[in-house]
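Report on the structure given below.
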Amino acid sequence: VQLVESGGGLVQPGGSLRLSCVASGFTPDYYTIGWFRQAPGKEREGMVSIVLSDGITYYTDSVKGRFTISRDNAKNTVYLQMNSLKPEDTAVYYCAAGWAGTIGPRSFTGRLQYDYWGQGTQVTVSS
């Protein structure tokens with residue numbers, strides 16, 4: 001299983017970025033993809049996830065309304081559209097894949113729910 005993130009960069013406050021996570025080596029129907037982020041000196045935190053088979057999504061309150069997760073199963077890609085970015089969104093962003101049968105609305109932010117991780121992409125929000 002391989003997950004590769006891209007799309008990070010430097011953006012001004014209030015700006016937007018779209019991250020991509022290309023997945024390979026597993027059957028999408030059985031997995032959920034989550035996006036996590038880790039700021040310097042802080043723990044990695046889960047933000048949002050999507051069930052690849054049916055598109056059900058889960059969001060934390062910290063990103064709901066600003067971030068949108070979507071999938072294109074034909075391209076084996078999950079996207080994270082991030083709008084109205086704030087300096088506190090600065091972090092390394094990771095996508096991760098976990099067994100869909102064990103990830104739900106109360107567990108989607110748990111790192112241990114996910115078995116496979118990408119290498120991360122840096123997002124910096126600064127003027």
Side-chain angles (χ1 to χ4, degrees):
V1 176
Q2 187 176 25
L3 302 171
V4 180
E5 304 97 334
S6 62
L10 174 65
V11 63
Q12 292 186 341
S16 299
L17 279 177
R18 189 177 78 159
L19 306 183
S20 299
C21 172
V22 179
S24 61
F26 64 92
T27 304
D29 285 353
Y30 301 133
Y31 281 87
T32 288
I33 297 291
W35 282 97
F36 289 70
R37 65 185 177 186
Q38 188 167 18
K42 295 187 177 181
E43 291 192 358
R44 193 171 299 187
E45 64 166 336
M47 305 176 292
V48 57
S49 69
I50 187 165
V51 183
L52 295 180
S53 62
D54 57 17
I56 291 176
T57 58
Y58 306 110
Y59 292 87
T60 60
D61 289 341
S62 63
V63 302
K64 190 179 298 182
R66 296 192 301 126
F67 292 7
T68 302
I69 191 171
S70 62
R71 79 203 195 286
D72 184 339
N73 285 351
K75 296 182 179 180
N76 294 325
T77 302
V78 171
Y79 302 100
L80 183 65
Q81 178 67 43
M82 305 187 296
N83 299 327
S84 302
L85 284 163
K86 307 173 183 179
E88 51 263 44
D89 293 317
T90 295
V92 178
Y93 284 68
Y94 300 88
C95 65
W99 184 254
T102 60
I103 299 174
R106 287 182 288 184
S107 61
F108 73 97
T109 60
R111 287 178 295 169
L112 295 180
Q113 301 295 328
Y114 298 84
D115 302 302
Y116 307 103
W117 292 82
Q119 83 289 349
T121 185
Q122 176 71 46
V123 172
T124 302
V125 185
S126 175
S127 54

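Pairs engaging residues 82-104 under the salt bridge (charged side-chain N to carboxylate O under 4.0 Å, His left out) rule: R37-D89, R66-D89 [sequence neighbours left out]. Residue pairs meeting the ring-ring contact (aromatic ring centres under 6.0 Å, His included) criterion with at least one member in residues 64-92: none, sequence neighbours excluded. Applying the disulfide (SG to SG under 2.5 Å) rule to pairs touching residues 21-126 yields C21-C95, sequence neighbours excluded.
Looking at residues two or more places apart in sequence or on another chain, you find no side chain to side chain donor-acceptor pair (under 3.5 Å) involving R18. Here Q2 pairs with nothing under the side chain to side chain donor-acceptor pair (under 3.5 Å) rule; sequence neighbours left out. Under the side chain to side chain donor-acceptor pair (under 3.5 Å) criterion, T124 pairs with Q122, sequence neighbours left out. Remark: S62 engages T60 in a side chain to side chain donor-acceptor pair (under 3.5 Å) (not counting sequence neighbours). By the side-chain contact (heavy atoms from CB on, under 4.5 Å) test, V1 is found to be paired with F26, Y116, residues two or more places apart in sequence or in another chain being considered. Checked against salt bridge (charged side-chain N to carboxylate O under 4.0 Å, His left out), K64 has the following partners two or more places apart in sequence or in another chain: D61. Judged as a side-chain contact (heavy atoms from CB on, under 4.5 Å), and not counting sequence neighbours, the contacts of T27 are D29, Y30.
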May I have the list of side-chain donor-acceptor pairs in residues 68-75 shorter than 3.5 Å, sequence neighbours left out?
from: R71; atom 1: NE; to: L52; atom 2: O; distance (Å): 2.8
from: D72; atom 1: OD1; to: A74; atom 2: N; distance (Å): 3.1
from: D72; atom 1: OD1; to: K75; atom 2: N; distance (Å): 3.4
from: N73; atom 1: ND2; to: L52; atom 2: O; distance (Å): 3.0

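Residues L3 and V22 do not share a hydrophobic cluster, clusters being chains of Ile/Leu/Val/Met/Phe/Trp/Tyr side chains in contact below 4.5 Å. One hydrophobic cluster, built from ILVMFWY side chains closer than 4.5 Å, holds both L19 and V63.
Atom CD1 of I50 is separated from atom CD1 of I33 by 9.5 Å, given to the nearest 0.5 angstrom.
Between M47 and L80, the closest side-chain pair of non-hydrogen atoms falls below 4.5 Å. Counting heavy atoms from C-beta outward, P28 and N76 have side chains that approach closer than 4.5 Å.
Remark: side-chain polar atoms of E5 are paired, donor with acceptor, to backbone N or O of Q119 under 3.5 angstrom. Checking side-chain atoms of T90 against main-chain N and O of V125 turns up a donor-acceptor pair under 3.5 Å.
Considering all non-hydrogen atoms of both residues, S49 and G34 come closest at CB-CA, 3.8 Å. When all heavy atoms of A39 and A91 are compared, the pair lying nearest together is N-CB, 3.7 Å.
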Open item on the list: Between T102 and Q113, does the side chain to side chain contact (heavy atoms under 4.5 Å, CB included) criterion hold? Intermediate values first, please.
Closed with: CA-CA 7 Å; T102 60; Q113 301 295 328; 3.8 Å; yes
Task: side chain to side chain contact (heavy atoms under 4.5 Å, CB included) assessment of S126 paired with L10 - done: CA-CA 7 Å; S126 175; L10 174 65; 4.2 Å; yes
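Under the 4.5 angstrom side-chain criterion for Ile, Leu, Val, Met, Phe, Trp and Tyr, the cluster partners of Y58 are F36, V51, I56, V92, Y94, I103, F108, Y114, W117.
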